Amino acid sequence: MNVRVRIAPSPTGLVHVGNVRAALFNWMFARHHDGVFILRIDDTDRERSEQQYEDEIKEGFRWLGLDWDEGVDVGGEYGPYRQSDRMDRYREVVEQLVESGHAYYDDRSTEELESLRQKAQKEKLHPNFFIRRPARAATAGVVRFSVPQDASVEFEDAIRGEVRFGSEVIDDFVIYRSNGTPTYHLASTTDDLDHAITHVIRGEDLLSSTPKHILLSRAIGGAEPRYAHLPLIMGPDGKPLSKRHGPTSLKEFRDRGFLPEAFRNYLSLLGWSIDGDRTVFTTEEAVAAFDLSDVSKNPAVFDTAKLEWMNGEYIRALPESEFIERVRPHVVSGLGRELDSDEWAQFSEMAPVVQERTKFFSDAGQQVGFLFTDEVIYDEPSWAKVMEKEGVSDVLRVSSEKLAVLDRFDHDSVEAALRSMLEELEIGARKGLQPLRVAVTGSQVSPPLFESISVLGKDRTLNRLAYCVERIG
Ligand code: GLU
């Protein structure tokens, strides 16, 4: 069978991690089976859909390496792939369903429907008993799908196994609104059939829609896809993942400087595992191993700390030259200006130690900011904690003397000079070096000190020490 799967985001907001995970799993499944991965845009909600969000979806998927074989922008023989371009088709399907008796126009008001529900309850009938049988035939109003009385829908979910919904939980749902737009159920099912989708792989939050889609598929006719519902994504506290847990949109993760390959690796673990405890693997390995039957039914936990750790692992594994090249745009945007070639040379000198301690590309700019400014911004809590102690002026003064006489200003010479300062003042490294770190970089947290000083250079280092001596008074 030629596998055809789709991801069908609605461009009504930033892409949530849950949708990105669904996209990745669909993509891995398609690639594993040499199948077709389709990007459809579900924009029937014209009021909330925005071009900007569609662009973000596409850019985000491209960034993550989720290339689509058919769909918006790339086309394909089953198109169009944007729902707003398929309105005539939905209308046609609705008319066909009304004609064949699978759907009916309903002009009853919400109050009327509520009273019918109450009446059914009183008579101990199915809650939708009267709703399913409109007393009068309407020719306008919403269109409802007529759910067969005794229908129970059973299907074999590729992840969850046998799933069954009794008819009591499926009401006569609306498929077409009086303003001439299809509902999600109708548009999505029609598209899945028309696009010859073989597997609908989506989040468990949509599980309750599936019996409706199956009934609709049968009424419309065509090859019914298989369904697979991916487990929900929770925060570490067991609550559904939301803003409270940190970033949740693809854009935020991109902006923070995650590596797409690390992000992909982490996302693939949300409900799936390659084998046992192995957490770091390549996308090729994941694609080769991916199987829906290995996806878990249990909720997955999205743990930002673990993602950050993984990103750091990937960053450290990069060849140095690649690290420099890839971090470059983040350094520029972090500093808010381009660097000249001398500055880039300084950055490159510092790169190995920065790479060692970077969890995100976006961190890197901050770590090296002290190198590219004439005016250090002192972190005031660091200043108060470190610089206002006894003996700090002596540390700064003696250090200046020792550094000033160096001919070579490389790491080892700087280290030797500062160690002799510690000896002369008879103080330990912590007490003696921390003030230098604050003086030179502005903060208690910085790349390693001897490298920092050596790369900063003699003149600028001495200027900063002098400034601090004066400030301390
Ligand atoms: N537009 C729907 C969503 O983003 C598609 C859901 C589906 O995969 O059927 O939730």
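Since the structure is predicted, the reported quantities are computational estimates derived from the model, not experimental observations. Computed from heavy atoms alone, side chains included, the values below leave out hydrogens, waters and symmetry copies. Counting from 1, the numbers follow the sequence of the chain as shown. When a ligand or atom number is given, it counts from 1 through the structure's own listing order.
Considering Val36, Leu39, Ile38 in turn, Ile38 is the only one that fulfils the side chain to side chain contact (heavy atoms under 4.5 Å, CB included) rule with Arg6.
Contacts of Asp67 classified as salt bridge (Lys or Arg N to Asp or Glu O under 4.0 Å), with partners at least two apart in sequence or in another chain: Arg31. Checked against salt bridge (Lys or Arg N to Asp or Glu O under 4.0 Å), Glu343 has the following partners two or more places apart in sequence or in another chain: Arg337.
Counting only residues at least two apart or in different chains, ring-ring contact (aromatic ring centres under 6.0 Å, His included) contacts with residues 61-104 comprise Tyr81-His195.
Protein residues having a heavy atom under 4.0 Å from any atom of ligand 1 are Arg6, Ala8, Pro9, Ser10, Asp42, Tyr184, Ser188, Arg202, Leu206, listed by chain and number.
Other residues, nucleotides and ligands place more than 12 heavy atoms under 6.0 Å from the CD atom of Glu349.
Side-chain atoms of Glu95 do not come within 3.5 Å of backbone N or O of Glu92 as any donor-acceptor pair.
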